[in-house]
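Worksheet: the structure to be examined is printed underneath.
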Amino acid sequence: MPGGCSRGPAAGDGRLRLARLALVLLGWVSSSSPTSSASSFSSSAPYLASAASAQPPLPDQCPALCECSEAARTVKCVNRNLTEVPTDLPPYVRNLFLTGNQLAVLPAGAFARRPPLAELAALNLSGSSLDEVRAGAFEHLPSLRQLDLSHNPLAYLSPFAFSGSNASISAPSPLVELILNHIVPPDDKRQNRSFEGMVAAALVAGRALQGLHRLELASNHFIYLPRDVLAQLPSLRYLDLSNNSLVSLTYVSFRNLTHLESLHLEDNALKVLHNGTLAELQGLPHVRVFLDSNPWVCDCHMADMVTWLKQTEVVQGKDRLTCAFPEKMRNRVLLELNSADLDCDPILPPSLQTSYVFLGIVLALIGAIFLLVLYLNRKGIKKWMHNIRDACRDHMEGYHYRYEINADPRLTNLSSNSDV
């Protein structure tokens, strides 16, 4: 009996372990009697329930080659030579850094996920070798507020990159800050299209960016601004156009930017601001304008701008603005000039004088070549002139003979009789 008693519990434990293993692996229990099967299932069920409740939920996966912080809601995939946007981004991401990669092309729906990246608010794609951003590339990002595409050689920026693949039915973009500094492509990749026009088309398409507050377009070699580039940005507060090659602001209008607070025009090629531009800037209630490091031409056309500078408080650091041309006015402070200093010199500038001298030399060379050709063909020209003279003489003698016949009645009758 003692031996039997000692074997009973051991046998029961063995059957219990076997039943648990069979239930986990196969989902059913094999036993010889219904009673033992029922007792085994009833004894193993609490264990499985407790095990299931004790197991933690699967954490959101972090893409390979990336660093994730759920507490900071941040994912960093920096300098990893990625060629496409990771497909397994965690849905909690709020700040996404994809800088320093080799993405090349950003297709439509590049950030479309299930579940969607509904909390993504800041997206940094700077320095990722992007050549092309297609229509609808930023669709399915309802909370996106900040987008940085700087330092990418964008040969193609779709007009619907920010408004969706179908601007007529797309909702306005949630973007508040758009950074497009230094996105100019190499000359061999411009595909015979205006880079300024391409950027302008993306900013105005579908009126998608009407809620935009900050726009940076620095260091893009802009020579001019298209007429309607700012027409659909009524909420703009900060506009950075510094370090471009803008020579004039005549054709661009700032009139609708009533909320504009900062306008940066430093390090361009501006020579003078005309009255229309001055009136528009003065009419903006909150704006501060920065005009440093432009090659101002201090001649008679600068008089209105100098008067405006002395009266306005719009321009920040206006006491630092100096003349670059003409040579006699170089480094003169604009605020210290008066009308007597601003005259238009009738003497042509040296560069234009040089151009006229060069044109005269070219015309003289062409004349010398023409005379040389005439000299080398002088015999042929002389023979040709003699032939023309003889032909004209014969022709004139015929006319003279007919005139004499018609003038003398006797010769006229004689001619008539001879005809009969």
Side-chain angles (χ1 to χ4, degrees), residues 104-108 125-126 128-139 147-168 170 172-173 175 177-212 214-236 238-257 260 263-271 273-274 276-277 280 294:
V105 177
L106 207 60
L125 291 161
S126 62
S128 288
S129 303
L130 280 171
D131 295 325
E132 184 176 345
V133 178
R134 297 178 181 170
F138 305 102
E139 285 185 313
L147 176 61
D148 190 349
L149 291 173
S150 298
H151 299 278
N152 286 295
L154 292 181
Y156 176 71
L157 179 64
S158 170
F160 306 108
F162 309 118
S163 60
S165 54
N166 190 343
S168 61
S170 298
S173 171
L175 280 174
E177 296 185 12
L178 179 59
I179 304 176
L180 299 174
N181 297 329
H182 205 291
I183 59 171
V184 60
D187 293 336
D188 58 341
K189 292 186 177 181
R190 292 201 180 190
Q191 303 177 2
N192 296 325
R193 62 163 60 97
S194 167
F195 178 68
E196 292 89 345
M198 180 183 71
V199 175
L203 293 176
V204 302
R207 301 183 177 182
L209 298 176
Q210 292 203 355
L212 196 67
R214 184 184 185 96
L215 176 62
E216 297 185 19
L217 293 168
S219 305
N220 284 316
H221 300 175
F222 286 161
I223 298 176
Y224 72 100
L225 292 178
R227 188 180 300 272
D228 59 347
V229 65
L230 304 174
Q232 304 299 333
L233 306 174
S235 302
L236 207 60
Y238 181 97
L239 177 59
D240 189 354
L241 293 166
S242 62
N243 198 29
N244 283 289
S245 300
L246 297 173
V247 297
S248 175
L249 300 176
T250 303
Y251 299 108
V252 66
S253 176
F254 301 95
R255 186 178 297 110
N256 66 316
L257 303 182
L260 191 63
L263 175 59
H264 289 265
L265 293 166
E266 308 100 311
D267 296 291
N268 276 280
L270 297 173
K271 297 176 176 58
L273 298 182
H274 297 287
T277 302
E280 288 190 357
N294 280 283

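Small disclaimer: the values here were computed from a predicted structure and weren't measured.
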Point to revise | CA sep, side-chain torsions, deciding dist, call: Val252, Asp228, side chain to side chain contact (heavy atoms under 4.5 Å, CB included) | key: CA-CA 7 Å; Val252 66; Asp228 59 347; over 6 Å; no
**Study point:** Derivation and outcome, ring pair (Phe, Tyr, Trp, His ring centres under 6.0 Å), residues Phe195 and His221
**Key:** CA-CA 9 Å; Phe195 178 68; His221 300 175; 8.8 Å; no
Looking only at non-hydrogen atoms, find the nearest pair between [X] and [Y] and report the distance.
| X | Y | answer |
| --- | --- | --- |
| Tyr224 | Gly197 | OH-N, 4.4 Å |
| Arg134 | Ala108 | CB-N, 4.3 Å |
| Pro159 | Tyr156 | CD-OH, 4.1 Å |
| Leu212 | Leu215 | CD2-CB, 4.1 Å |
| Leu233 | Leu257 | O-CD2, 3.1 Å |

Practice item. Check each of Leu175, Val204, Leu236 against Leu209 using the side chain to side chain contact (heavy atoms under 4.5 Å, CB included) test, and report the only one that passes. Key: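 Exactly one option meets the side chain to side chain contact (heavy atoms under 4.5 Å, CB included) with Leu209, and it is Leu175.
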Can you tell me how far apart [atom1] ([X]) and [atom2] ([Y]) are? Round to the nearest 0.5 Å.
| X | Y | atom1 | atom2 | value |
| --- | --- | --- | --- | --- |
| Leu260 | Arg255 | CG | CZ | 14.5 Å |
| Ser129 | His151 | OG | NE2 | 12.5 Å |
| Leu157 | Met198 | CG | CE | 5.5 Å |
| Asp148 | Glu216 | CG | CD | 8.0 Å |
| Leu241 | Leu225 | CG | CG | 5.5 Å |
| His182 | Leu217 | NE2 | CG | 13.5 Å |

Exercise for review: Apply side chain to side chain contact (heavy atoms under 4.5 Å, CB included) to the pair Val133 and Phe162, showing each step before the final yes or no.
Suggested key: CA-CA 10 Å; Val133 178; Phe162 309 118; 5.8 Å; no
Check your understanding: How are the rings of His264 and Tyr238 set relative to one another: parallel (under 30°), tilted (30 to 60°) or perpendicular (over 60°)?
Key -> tilted
Any luck finding a side-chain donor-acceptor pair between [X] and [Y] under 3.5 Å?
| X | Y | result |
| --- | --- | --- |
| Thr277 | Tyr251 | no |
| Gln210 | Ser235 | no |
| Ser219 | Asn181 | no |

Looking only at atom types and distance, does a side-chain atom of [X] sit under 3.5 Å from a main-chain N or O of [Y], one as donor and one as acceptor?
| X | Y | value |
| --- | --- | --- |
| Glu280 | Phe254 | yes |
| Asp240 | Ile179 | no |
| Gln232 | Ala208 | no |
| Asn256 | Leu230 | yes |
| Asn294 | Asn268 | yes |
| Asn220 | Ile183 | yes |
| Asn152 | Leu154 | no |

Is the shortest heavy-atom distance from the side chain of [X] to the side chain of [Y] under 4.5 Å?
| X | Y | result |
| --- | --- | --- |
| Leu249 | Leu265 | yes |
| Val229 | Phe222 | no |
| Pro153 | Pro186 | yes |
| Leu180 | Leu147 | no |

Review point. Could you walk me through whether Leu130 and Val105 pass the side chain to side chain contact (heavy atoms under 4.5 Å, CB included) check?
Key: CA-CA 6 Å; Leu130 280 171; Val105 177; 5.9 Å; no
